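Shown next, in structure tokens, is the structure this report addresses.
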2 protein chains.
Amino acid sequence: MQITLKDIARMADVAESTVSRALNDKPGVGKDTKRKILKIAQENNYRPNQLARGLAANKTNMIAVILSEMDSPGNIEIVKSIEKSADEKGYQIILCNTNNQEEKEKNYLSLLESNQVDGAIFIGGKLVGSHLLRASFSPKNNIVLVNRLAEENFFTSVLTDYSQGIFKAVKHLVGEGFKNIALICGHQNDLIEEEKISGYKLALREAGLEVKPELIFPTKADRQAGYDVFLDIIEKDVIPDAFISTRELTTIGLVEAIKMGGYFIPDDFAVVGYGDNILTSIIDPPLTVISEPVGKIANYSFEFLLKLINEKMNEQQIEVLTPELIIRESSISKYN
Amino acid sequence: MQITLKDIARMADVAESTVSRALNDKPGVGKDTKRKILKIAQENNYRPNQLARGLAANKTNMIAVILSEMDSPGNIEIVKSIEKSADEKGYQIILCNTNNQEEKEKNYLSLLESNQVDGAIFIGGKLVGSHLLRASFSPKNNIVLVNRLAEENFFTSVLTDYSQGIFKAVKHLVGEGFKNIALICGHQNDLIEEEKISGYKLALREAGLEVKPELIFPTKADRQAGYDVFLDIIEKDVIPDAFISTRELTTIGLVEAIKMGGYFIPDDFAVVGYGDNILTSIIDPPLTVISEPVGKIANYSFEFLLKLINEKMNEQQIEVLTPELIIRESSISKYN
DNA sequence: TTGTAGGCGTTATCAA
DNA sequence: TTGATAACGCCTACAA
């Protein structure tokens, strides 16, 4: 069995409270007493029981990182980055995956409400369930939302300006001379995707090009969906000369399908993908991508959460980060 | 504030213990009383405080997953898979990253010893620090080791037969007619890498080929190291005609360097990589890889841990899984 | 079937 | 500077 405060108290012949104070560097402990206590603790390899501590002090030094899906390389990068910062500040992270299920989100929210964690960072997630989130809005619940949109947002948030990202991509492709730019995106009910679509439309209009609804292809977010949609597309009447794909894995599938079909990128089809991760950098040809600043996202979100926990935040903060367009071979025009 | 057992007890006009029993489906509660209690709990959205529960019952329904590094796609897959199983069984996972630092491993071990988690799965990790682990070997500490080697191992473990994996790779390459097979591996002090090297040597000898120490290249495990080592190699006297690269990211870097140098795979150099992940499947050309059965690894490790927690394991179990060789273009011979 | 009471390992308050 | 004591929210004998 693990040694406890009580044991140390007995050994040092002092009260538990004194031991607690000594161990937590609180004032009001004699120098010698403190030294003696620390020595005993050290020798016996004392580890405070975090459960008891959490129960008594209402502070667990744990935060929940709640992912809407674990399949996005970008999100995993964010988690890694948060883990690093958290560790530096002495926080443990609990990794949760909701798989976009509202029910699970509710469960994980209870980690917060039962004081099991000091705060939570929600990464991604559809609008669905946001009323639940909203119900748990309270100064007591330290919540940071990452890339999660809602019509009304009371929460401290870190957002990516998706519209801007797609806008840049379209502008670039138009500049390269592409005329029929297709958008492979998510479904409209996803606010994030809706924003991307609006960026797409805006850029086309601004370039004086017609928005053709038949060039917008909503699909699921996985690799297979990207593959399948291309097979559909080449059967259609209007064949695009360029693609913008708004999700990471879908992009990969799309590229694979194009190549499998015997077509060349960018000669037959230009491609702008999503996410500057190892995947898009090693795929052949190297992909032009809209790149979320994952490092910054992680930093802001953890910093914000820390401020919330330490009650250093006096008003709602929303940080909007702009994605970059990283231009590589896949979108360089044959027209030039 | 969150509602507690006591509140429910008051509302239902019964004792706390009765509420506790009712909520935990324990026998000895009248049907009507139980119904009433459950109703109240439901209506008030009662969530037990897991800290208190953990403190009282010595059971937190949390397990720690301790990674030696977060950069391996294979390990991330294992984590995802464990998370899934854990969730199904009502367990939360705490994700920890030691970055191969002994000190951190020690810290995380204390999660176990302070009863903050019911068990821990260690994924990867050098031999370094294993004496620490050993010190915390006790029936009370539920620990499963994944792909972690040590001369003496008291722990329930899930291992990959690395030697066998490399053996298969060498045999395949020899069969394809390659004569100068280089090994890009980790340093000897890493037991896992040592095992891979032994598989390499064994296969060569068995094929009647000479083992040339100058064809074994220990490097770091990252992408850059794979890139750099190739640049070194082509300056040397003995130029290999095939590479086996034993780590995931190193493999990627190696392939990039080869292509950047203007060489072709497999015409100039055959390559067998490590890890059947999305990376090795999309890289051009598709890579022949030694593939760890990550799904199985995750399943075994979680199942073992569950057994340990529920005291259903009566002796040390060690499961050794054999990697597969997945043959794709990168190792098909020009000699054929 | 139900209630009482003690305890899990801390922290925090108030006296001494 | 110290110590006693009451929380924190829950579980579990044991008694009724």
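In what follows, chains carry the letters A, B, and so on, assigned in the order in which the sequence lines appear, proteins first and then strands, with residues in each chain numbered from 1. Just so it is clear, the model here is predicted, and its values are computed rather than measured. Just so you know, these numbers use all the heavy atoms, side chains as well, and skip hydrogens, waters and symmetry mates.
- A straight line from NZ of A/K59 to P of D/dA7 spans 24 Å, rounded to a whole angstrom.
- Among the atoms of the strands shown, none is found under 4.0 Å from any heavy atom of A/Q50.
- Look at B/K39 and B/E43 and you find a salt bridge, because one of the NZ, NE, NH1 or NH2 atoms lies within 4.0 Å of a carboxylate O, short of that distance.
- Taking 4.0 angstrom as the limit, B/Y46 places a side-chain polar atom (N or O) nearer than this to OP1 or OP2 of D/dC10.
- Projected onto DNA chain C by closest heavy-atom contact, B/D13 and A/N49 fall at different nucleotides, the more 5' of which corresponds to B/D13.
- Note: CG (B/D32) to C1' (C/dT2) measures 14 Å, nearest angstrom.
- Salt-bridge check for A/E105 with A/R148: passed, with a basic side-chain N closer than 4.0 Å to an acidic carboxylate O.
- If you check every strand for non-hydrogen atoms under 4.0 Å, B/G28 touches a base.
- In terms of phosphate contacts, B/R53 brings a side-chain nitrogen or oxygen within less than 4.0 Å of OP1 or OP2 of D/dC11.
- Of the listed residues (B/N310, B/T60, B/N142), just one forms a side chain to side chain donor-acceptor pair (under 3.5 Å) with B/D118, and that residue is B/T60.
- In this structure, of C/dT1, D/dC11, C/dA12, it is C/dT1 that holds the atom nearest to the side chain of B/T33.
- Checking A/K31 against A/L55, the closest nucleotide of DNA chain D that is more toward the 5' end is the one next to A/K31.
- The nearest whole Å value for the distance from the CG atom in B/N24 to the C1' atom in D/dT12 is 11 Å.
- For B/N61 (side chain) and B/Y91 (main-chain N/O), no donor-acceptor pair under 3.5 Å exists by modelled atom type.
- Listed candidates were C/dA12, D/dC10, C/dG9. Nearest to the side chain of A/S17 is C/dA12.
- Side-chain N/O atoms of B/N147 and B/T160 include a donor and acceptor closer than 3.5 Å.
- You'll find that the side chain of A/A52 is closest to C/dG9, out of C/dT2, C/dG9, D/dT12.
- If B/E16 and A/R47 are placed on DNA chain C by their nearest nucleotide, the residue sitting closer to the 5' end is B/E16.
- In the set D/dT2, C/dT2, C/dA12, C/dA12 carries the atom at the smallest distance from any side-chain atom of A/K26.
- Atom-to-atom, CZ of B/R21 to P of C/dT4 comes out at 11 Å; the value is rounded to the nearest Å.
- Contact annotation: A/N115 does not reach the phosphate of D/dC8 (side-chain N/O to OP1 or OP2, under 4.0 Å).
- Atom CG in B/D7 sits roughly 9 Å away from atom P in D/dG9 (whole-Å rounding).
- The closest donor-acceptor contact from the side chain of A/N99 to the backbone of A/Q101 lies at 3.5 Å or more, if one exists at all.
- The CG atom of B/L111 sits 17 Å away from the P atom of C/dG9 (whole-angstrom rounding).
- Following rounding to the nearest Å, B/N61 (CG) and D/dC10 (P) show an atom-to-atom distance of 15 Å.
- Between B/K36 atom NZ and C/dT1 atom P the separation is 15 Å, expressed in whole Å.
- Taking the side chain of A/S20 as heavy atoms from C-beta on, and the options C/dC8, C/dT10, C/dT11, the nearest nucleotide is C/dT11.
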